[in-house]
Number of protein chains: 4
Amino acid sequence: MAQTDTVTRILDTAEVLFAERGFAETSLRNITSKAKVNLAAVNYHFGSKKSLIQAVFARYLDPFTERFHTALDELEAKYEGEVIPLEELLETMARCVLEVPAERNSLKVFMKLLGLAYSQAQGHLRRYIQEHYGSVFTRFTGLVRQATPDLPDAERFWRLHFMLGTVIFTLSGLDALRDIAEQDYGEHVSVRDLIRRLRPVVVAGMNAPIPASSGDMLPAAG
Amino acid sequence: MAQTDTVTRILDTAEVLFAERGFAETSLRNITSKAKVNLAAVNYHFGSKKSLIQAVFARYLDPFTERFHTALDELEAKYEGEVIPLEELLETMARCVLEVPAERNSLKVFMKLLGLAYSQAQGHLRRYIQEHYGSVFTRFTGLVRQATPDLPDAERFWRLHFMLGTVIFTLSGLDALRDIAEQDYGEHVSVRDLIRRLRPVVVAGMNAPIPASSGDMLPAAG
Amino acid sequence: MAQTDTVTRILDTAEVLFAERGFAETSLRNITSKAKVNLAAVNYHFGSKKSLIQAVFARYLDPFTERFHTALDELEAKYEGEVIPLEELLETMARCVLEVPAERNSLKVFMKLLGLAYSQAQGHLRRYIQEHYGSVFTRFTGLVRQATPDLPDAERFWRLHFMLGTVIFTLSGLDALRDIAEQDYGEHVSVRDLIRRLRPVVVAGMNAPIPASSGDMLPAAG
Amino acid sequence: MAQTDTVTRILDTAEVLFAERGFAETSLRNITSKAKVNLAAVNYHFGSKKSLIQAVFARYLDPFTERFHTALDELEAKYEGEVIPLEELLETMARCVLEVPAERNSLKVFMKLLGLAYSQAQGHLRRYIQEHYGSVFTRFTGLVRQATPDLPDAERFWRLHFMLGTVIFTLSGLDALRDIAEQDYGEHVSVRDLIRRLRPVVVAGMNAPIPASSGDMLPAAG
DNA sequence: AATGAATGAGCATTCATTCAT
DNA sequence: CATGAATGAATGCTCATTCAT
């Protein structure tokens, strides 16, 4: 009990602190003192700070991938080999992304973590995520491909990442943006609101006309 | 020679290292040793690491804001009080964003830095940017407002940030994404390519249908 | 063994170095290297240099205050509510001051430290001492008050500090003065000698005639 | 003009800062920035921090010794070979000590500096003072000797230092003590007050009965 | 299973001083 | 005569990690 408790308390605290201040700016001392756990406990239970970071991600991504695979199974069963519409795919992914954090801390923390995983120097994290969770994403992009047969492969790849950027950037920087929005428009946005606003933009972005592959009037940049 | 040189060498090195590994992960020792400059030189010329970070941004943003103001002046002159079309506004901004880094290091570094400014815990940076460059952004959003009279203010605010997210996330994480794209599609994308691809998506996103303000079928999330 | 040992070695070394060269002139590296202890050990065990300084004082003052309270208890019991003579009070204080250092390093170090506490810029120290040990001094001055009913309160306050100055200055600058004395008179003074010499001077100082509160033939000074 | 001005501004600023915070705690940067003088100016004009410290003292002690010698000359002339009474000697010294600072900053600063010279690790200072100003003190002690023929030489030496301690300790720690006094007795003391109070105590201390050279009931201390 | 103590490497910053101009 | 730039050494402190118990 005590053992499990310690591990959980470390993970709970770490995920909040990581999301708040980034990985490098969060010391093991910060975590262990806030979690009221011995300083050596992190190294004892996780081996290193790196492994702790990965464990924090695994606790979100493991249930997510399981759920997402199941949801895609159901979707494929429902459409019996026919093409699954893009909107249904996106909707399904959104639902799964939302379900997991709903059970624990918050979507914001999860997104913040994802944002950090991309933006921060933690090369090991990108590798870890690719290794452990690459297959779901591959399955998903395969289905998206069938749903958007007119989109060239490269175009689809980039657009998916454009949209990923939109979502991660918005939800991970949520607090700062929310502050500005509230200050400027006196309007408090909930995560639900934001997702409602995101949906049509994402869909429109995916369905935007394909640009001509030629001329470009912008100057070059290194 | 020596005096200007030292400051420049520090800034050049710092911006590359910051972009590569983030602020916290880049020590002054990293910077000064790579720049072949005395360790104390950073504190002598900039006062502190914080101020160095701000100076790195200023070197990009100062010429950008100047250029952008000029470009908006020209645009307003050209349209003589009439509404400037959204696409032209976006195009103008993109051009200015591209011109500045073209003269120095690279767009990638600039975007990486912008991404860090949003994602990393450097509160002082966000404050500094808001203080020094908030006015251009305000001017720009004012013009966007005239160009999109049917969009509710809050909706416009959020969509601009959605699109900002798209651009920053993509261009700042460029290397990683480029690696994956190259691996998967054997296609090497230039920044020009990427911007060509981004344009229709951004425009479509801004012009997406406005969502109903009511019901939401997604589960709640904390 | 190791655990207590490190703390003790740090304190032992720190108190000697502080007394020899002052607080600012003694670096943690000086202390830890002389104490053959890891550099980080000071911060691990004490938290900061400030706290180490306070701990050095506490190790002298804690046993002193305890002893002094006990001695004053005994004195009060002995005199059964009658006024305790001044000389007995001074004698008792002197005995307690001497007993504590006798058990550890030396009176000289203790006095040197006290002198530093007054003369050096360590505001935190004065505050710390006032906070932790102010009450004994208050009790003592209360008894002195009863022993010198004819002395105005302010006069008594200043005379006590005059005498404190005499003692601290002499005993803390002991080495330098001893050098001069030895050179000039070929006479080596022990601390015992010095205290024997101090006693009548202090008593005479406390009992000096009270000056007229009026005229003053000295010129003014800023 | 500019040259002299710089030197003066450095000395003025340095003496205040040294008195406020001690030598080690006052950096050349502190001094030069407060004096609005180039950082290198101290080393340019004085050669080193050490020499600056000595120069600060010299500016007080040079006029003092000159004045004191003159005053002693006058006293000797007045008494025409007869013994000068102790009180007159002390009074004369006090007058000279007070006159010099009266013309510049303040007595407090001077005493603070003297206190530092004794208590702080600046060995070079003690040597410098001994070298440059030892002769006046020797002349003075010679006269005191004639005024107190019954006092053994060693006793006189120590009592002079006891009294020096009283004066320096009180006047150098003036601010702190004044705070306490004011708080406790609501009485604001001027330097004049203090000196009026000091006089009888010092005289009584010098004239205290000579202790028996033997027995001592106090415990020994290292 | 868990922890208090300890460690060596590294951190940003400040120092007095030097030197070319 | 004066100074801005630069420097090497040292400062207090924090870090992730290790280890004996």
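Letters A, B, ... are given to chains in the order of the sequence lines, protein chains preceding strands, and every chain is numbered from 1.
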Report summary line: Whole-Å distance, C:K50 NZ to F:dT11 P, equals 19 Å

Query raised in the report: Between F:dT14 atom C1' and B:E25 atom CD, what is the distance in whole Å?
Result: 16 Å

Query raised in the report: So do the side chains of B:V56 and B:F23 get within less than 4.5 Å of each other, counting heavy atoms only?
Result: no

Report task. Could you list the residues that satisfy side chain to side chain contact (heavy atoms under 4.5 Å, CB included) with A:S27, not counting sequence neighbours? Result -> A:R29, A:N30

Query raised in the report: If only side-chain N and O atoms of B:H45 are considered, is one of them under 4.0 Å from the OP1 or OP2 phosphate oxygen of F:dG4?
Result: no

Requested in this report: Measure from CZ on A:F46 to C1' on F:dA16 and round the result to the nearest Å.
Outcome: 15 Å

Query raised in the report: Taking atom C1' of E:dA5 as reference, at what distance in whole Å does atom CD1 of C:I10 sit?
Result: 11 Å

**Report entry** Pair C:K112 + C:E20, salt bridge at N-O below 4.0 Å
**Finding:** no

What does the list of N/O pairs under 3.5 Å between the protein and nucleotides 19-21 of chain F look like, with a distance for each?
none

Report task. In whole angstrom, give the distance that lies between atom CG of C:L17 and atom P of F:dT11. Result -> 12 Å

Requested in this report: Kindly indicate, with the supporting measurements, whether the criterion side chain to side chain contact (heavy atoms under 4.5 Å, CB included) is fulfilled by A:L61 and A:I129.
Outcome: CA-CA 9 Å; A:L61 289 180; A:I129 291 177; 4.3 Å; yes

Query raised in the report: Between A:Y44 and E:dA1, does any side-chain N or O lie under 4.0 Å from OP1 or OP2?
Result: yes

Query raised in the report: For the pair made of CZ in A:F23 and P in F:dA16, what is the distance, rounded to whole Å?
Result: 14 Å

Requested in this report: Calculate, to the nearest 0.5 Å, the distance between atoms OG1 and CZ belonging to A:T13 and A:F18 respectively.
Outcome: 10.5 Å

Query raised in the report: Is the shortest side-chain N/O distance from B:T6 to OP1 or OP2 of F:dA6 below 4.0 Å?
Result: yes

Query raised in the report: With side chains defined as the heavy atoms from C-beta onward, is the minimum distance between A:L11 and A:L52 less than 4.5 Å?
Result: yes

**Report entry** C:E15 and C:Y60, any side-chain heavy atoms less than 4.5 Å apart
**Finding:** yes

Query raised in the report: Which string of ( ) [ ] | and . matches DNA chain F, if you list each base 5' to 3' and count Watson-Crick or G-U pairs only when both distances are under 3.5 Å?
Result: .||||||||||||||||||||

Query - With sequence neighbours excluded, residues passing side chain to side chain donor-acceptor pair (under 3.5 Å) with C:Y133 - result: C:D62

Requested in this report: Could you tell me whether B:K34 and B:D12 make a salt bridge, using a distance below 4.0 angstrom between a side-chain N and a carboxylate O?
Outcome: no

**Report entry** Stepwise side-chain hydrogen bond (donor to acceptor under 3.5 Å, both in side chains) test for B:Q54 and B:H124
**Finding:** CA-CA 9 Å; B:Q54 293 172 356; B:H124 72 98; 3.0 Å; yes

Report summary line: For C:S48, the side chain to side chain donor-acceptor pair (under 3.5 Å) test, sequence neighbours excluded, returns C:S51

Query raised in the report: Considering only heavy atoms, which members of residues 27-39 of chain B lie under 4.0 Å from some atom of DNA chain F?
Result: B:N38

Query raised in the report: Within this structure, what is the CZ-to-C1' distance between C:R9 and E:dA5, rounded to whole angstrom?
Result: 13 Å

Query raised in the report: So, is A:N43 close to the F:dA16 phosphate, meaning a side-chain N or O under 4.0 Å from OP1 or OP2?
Result: no

